Structures are given as C-alpha cells and as structure tokens.
Amino acid sequence: MTQKIQIASWNINSIRARIELVEKFLIEYQPDILCLQETKVVDDLFPSAPFRMLGYNHQALHGQPMHHGVAILSKLPLRDIRRHDWQQNGEARHVGASLANGMRVENVYVPAGGDIPDAEENPKFGQKLNFINQMIAWSQDVETPTILTGDFNIAPLEHDVWSHKQLANVVSHTQIEIDLLNKLQGTGNWVDLARHFTPAEEKLYTWWSYRARDYAASNRGRRLDHMWVTPNLLEKAASHQVHVTCRGWAKPSDHVPIVTTFSL
DNA sequence: ATGGTCGCAGAGCGA
C-alpha cells in the first residue's frame with residue numbers, strides 16, 4: 001500500500017495580510033504540509049488557529065519582527081524542529097522538521113539581494129552570496145531523504161525568466177548567483193523537481209512583480225521558488241505543480257504556491 | 001518610457 005503526501009511551498013508576503021488567501025488555497029488543494037516564507041510576523045502573533053481549524057495542528061514557526069519569517073504547517077506530526085540563523089544576524093530564514101517516516105522538510109527564504117549585483121557596492125548582494133555559501137557548507141552533510149524548498153530568489157535557467165538577455169545583469173538571474181546555486185545543487189546532488197517534470201525549454205515562473213499594470217498580459221515572470229529533493233527521494237516524487245492561477249486571486253501574493261506529490 | 005506596487009509601521013525601507 002502506498003501513501004500519498006503532498007508538500008506545498010509559498011512565499012505569502014505577510015501571513016496576516018493573506019490568511020484568507022491561504023485558507024482558500026488549503027481548502028482547494030489540501031496539501032499535507034505547507035511551507036511558508038515571508039510570514040512577516042513574530043511567533044506570538046502568528047495566526048495559528050485558522051490552520052488548526054483546517055487540520056494543520058503541527059506548526060514549526062520561525063518568525064521575527066517586520067521582515068522575513070518562515071513556517072511549516074502540517075497535518076502530519078513534526079519532530080526535530082530546527083530553526084537556523086545561518087548568518088547569526090537574527091534573520092528568520094530557515095526552519096526544518098522531520099516527519100515520522102524519516103523524511104526531512106527544509107524550508108528556506110534566501111535573501112533577495114538588493115538591486116545592484118555587486119557585493120562591494122551593495123552589501124545585500126554580498127549577504128545573499130554568503131547565505132548560499134552557508135547553505136553549501138550545510139548541504140555537505142545532508143544524507144537523509146530531504147526536501148529543500150522555499151524562495152531561493154534565484155532563477156537559474158534561461159527559461160526561468162521572461163527574458164534571459166534583459167535579466168542577465170538583474171539580481172536573481174546573474175551568472176554569479178546561478179553559479180553559486182548550481183554549486184549548492186551539486187553539493188547535495190539535489191534534484192530540481194520542477195525541471196524534472198517540466199522541460200528546460202518551457203517557460204516556468206513562480207513570481208510576477210506587483211508593479212506590472214497587468215501581470216498576466218505582460219507575463220514578465222521569474223522562477224524564484226523551488227523544490228529540490230535528495231536523489232533517494234526522486235523515485236517517490238510523482239508530480240510537481242506550479243499553481244499560477246493563485247496569482248490572479250484577489251489581494252494576491254506576488255509569488256504562487258508550488259506543490260509536489262510524493263507516493264511513498 | 002528607468003516608472004510601477006506591495007506590507008510593515010506609522011517614514012521610508014525592503015522586496
């Protein structure tokens with residue numbers, strides 16, 4: 001008998017501003033586990049009750065005032081919850097937890113990196129590169145079946161952005177970021193599930209700027225959100241979906257949810 | 001055309 005587990009990841013851009021949107025998503029798609037990024041709330045003020053009402057009784061929260069913040073909401077018990085602060089700067093960007101079957105879920109919000117792709121001119125860009133380097137060191141030791149998901153803030157492939165040429169020097173698609181992300185991927189032999197199921201030649205986005213007059217008409221998106229697995233989980237991954245329609249919902253996040261179905 | 005829009009807080013910054 002096989003067990004089906006669906007795991008979702010969504011940069012929600014404030015959980016308090018969008019709790020109804022999340023409820024709509026959970027009712028419609030019923031994932032077992034939801035990884036959130038940019039919750040923008042301290043743990044004491046996290047809206048836990050609406051999730052419990054929907055059966056997500058197991059909650060690994062890792063928030064801070066104002067910015068960032070990650071959380072794992074789960075119908076399945078979570079254990080060995082770890083809240084990482086990779087740069088010892090108080091930023092809440094990574095929370096991980098194990099399931100009863102031994103799988104680990106690692107939920108990450110990589111720094112956006114500011115506007116100028118130069119570490120000396122723009123410390124935020126340096127922080128982003130440093131963060132990935134910390135993850136590379138961490139990734140060396142990952143052996144258990146692990147899902148690494150979240151907002152990586154990097155769109156590595158040509159068709160992960162609306163224009164490879166026009167974004168070549170735009171933070172999220174610069175070669176230095178792509179090289180570093182590829183190094184991280186190689187370190188753990190991580191498999192990029194979205195591209196495992198969708199050919200590299202096909203455009204695939206998870207984020208569209210709020211600034212476009214009509215996001216759908218201009219369709220200038222980027223694939224910033226990812227779900228990677230260790231090779232020992234690959235054969236269990238049955239499908240991967242990007243729920244583009246959520247970008248068109250009222251009061252949307254600028255990111256859409258991604259969901260992987262595992263057959264265990 | 002170098003703008004545009006969000007959320008947090010309660011001005012301006014980060015995204």
Side-chain angles (χ1 to χ4, degrees), chain A residues 9-25 35-47 50 61-71 85-87 89-94 107-132 149-156 160-174 176-177 181 205-226 244-258:
Chain A
S9 173
W10 197 1
N11 179 319
I12 197 60
N13 186 19
S14 170
I15 185 58
R16 287 178 294 177
R18 262 175 268 287
I19 186 65
E20 291 89 357
L21 202 78
V22 177
E23 289 174 306
K24 179 177 162 71
F25 169 72
C35 297
L36 292 174
Q37 305 87 38
E38 279 208 89
T39 52
K40 294 189 174 179
V41 65
V42 294
D43 295 348
D44 285 348
L45 297 178
F46 189 95
L61 309 180
H62 185 28
Q64 65 170 93
M66 289 201 290
H67 299 301
H68 321 313
V70 288
D85 180 357
W86 292 122
Q87 299 174 308
N89 58 3
E91 296 190 356
R93 296 183 175 276
H94 187 161
N107 175 19
V108 177
Y109 176 49
V110 175
D115 288 331
I116 303 162
D118 183 306
E120 292 189 6
E121 252 187 278
N122 168 24
K124 289 181 197 308
F125 192 70
Q127 188 210 346
K128 181 179 196 174
L129 302 182
N130 175 265
F131 191 96
I132 304 284
T149 191
D151 177 3
F152 295 4
N153 266 314
I154 298 172
D160 291 340
V161 294
W162 64 277
S163 169
H164 178 58
K165 203 172 272 183
Q166 288 186 249
L167 292 180
N169 294 312
V170 172
V171 172
S172 75
H173 195 60
T174 64
I176 184 166
E177 292 168 89
L181 191 70
Y205 313 138
T206 65
W207 173 89
W208 293 258
S209 171
Y210 282 126
R211 297 177 191 176
R213 229 177 258 106
D214 182 336
Y215 88 92
S218 56
N219 198 24
R220 295 183 169 188
R222 304 178 201 172
R223 189 171 72 99
L224 302 179
D225 303 272
H226 299 267
V244 174
T245 54
C246 298
R247 187 62 179 79
W249 288 359
K251 291 274 286 175
S253 170
D254 44 356
H255 295 253
V256 296
I258 58 177

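Nothing here was measured: the structure is a model prediction, and the numbers come from that model. Convention: sequence-line order gives letters A, B, ...; per-chain numbering from 1. As a basis for the values below, the full set of heavy atoms in this structure was taken, side chains included, without hydrogen atoms, waters or symmetry mates.
In this structure, A/Gln64 contributes its side chain and A/Ala92 its backbone to a donor-acceptor pair below 3.5 Å. With hydrogens and angles ignored, the 3.5 Å screen pairs a side-chain donor or acceptor of A/Arg18 with a backbone N or O of A/Ile12. Although no hydrogens or angles enter the test, the distance criterion places no donor-acceptor pair under 3.5 Å between the side chain of A/Thr149 and the main chain of A/Asn107.
In this view, A/Asn169 satisfies the side chain to side chain contact (heavy atoms under 4.5 Å, CB included) rule with no residue, not counting sequence neighbours.
Across B/dT5 and B/dG10, the matching P atoms stand 23 Å from one another, rounded to whole Å. The same atom, C1', is picked in B/dG4 and in B/dG14; the two are 16 Å apart, to the nearest Å. Distance check on atom P: B/dG7 versus B/dG3 gives 23 Å, rounded to whole Å. Distance check on atom P: B/dA9 versus B/dA15 gives 15 Å, rounded to whole Å.
Taking the side chain as every heavy atom from C-beta outward, A/Ser172 and A/Leu167 never approach each other to under 4.5 Å.
Each of A/Lys124 and A/Lys251 was matched to the nucleotide of DNA chain B holding its nearest heavy atom; the match closer to the 5' end belongs to A/Lys251. If you find the closest nucleotide of DNA chain B to A/His67 and to A/Asn13, the one lying nearer the 5' end belongs to A/Asn13.
Checked by atom type, the side-chain pair A/His94/A/His62 shows no donor-acceptor distance below 3.5 Å.
Counting to the nearest Å, the C1' atom of B/dG14 and the CZ atom of A/Phe125 are 17 Å from each other. The distance between atom CD of A/Gln64 and atom P of B/dG14, rounded to the nearest whole Å, is 13 Å. Distance A/Leu45 CG to B/dC8 P: 11 Å, rounded to the nearest Å.
Residue A/Lys40 has its side chain nearest to B/dG7 when only B/dG7, B/dA9, B/dA15 are considered. Listed nucleotides B/dA9, B/dA15, B/dG7 differ in distance to A/Ala112; the shortest reach to its side chain belongs to B/dA15.
Counting heavy-atom neighbours within 6.0 Å of A/Asp85 CG, excluding the residue itself, gives a total above 12.
Of the residues in residues 209-220 of chain A, those lying under 4.0 Å from DNA chain B by heavy-atom distance are A/Tyr210, A/Arg211.
At the heavy-atom level, A/His255 lies nowhere under 4.0 Å from the strands shown.
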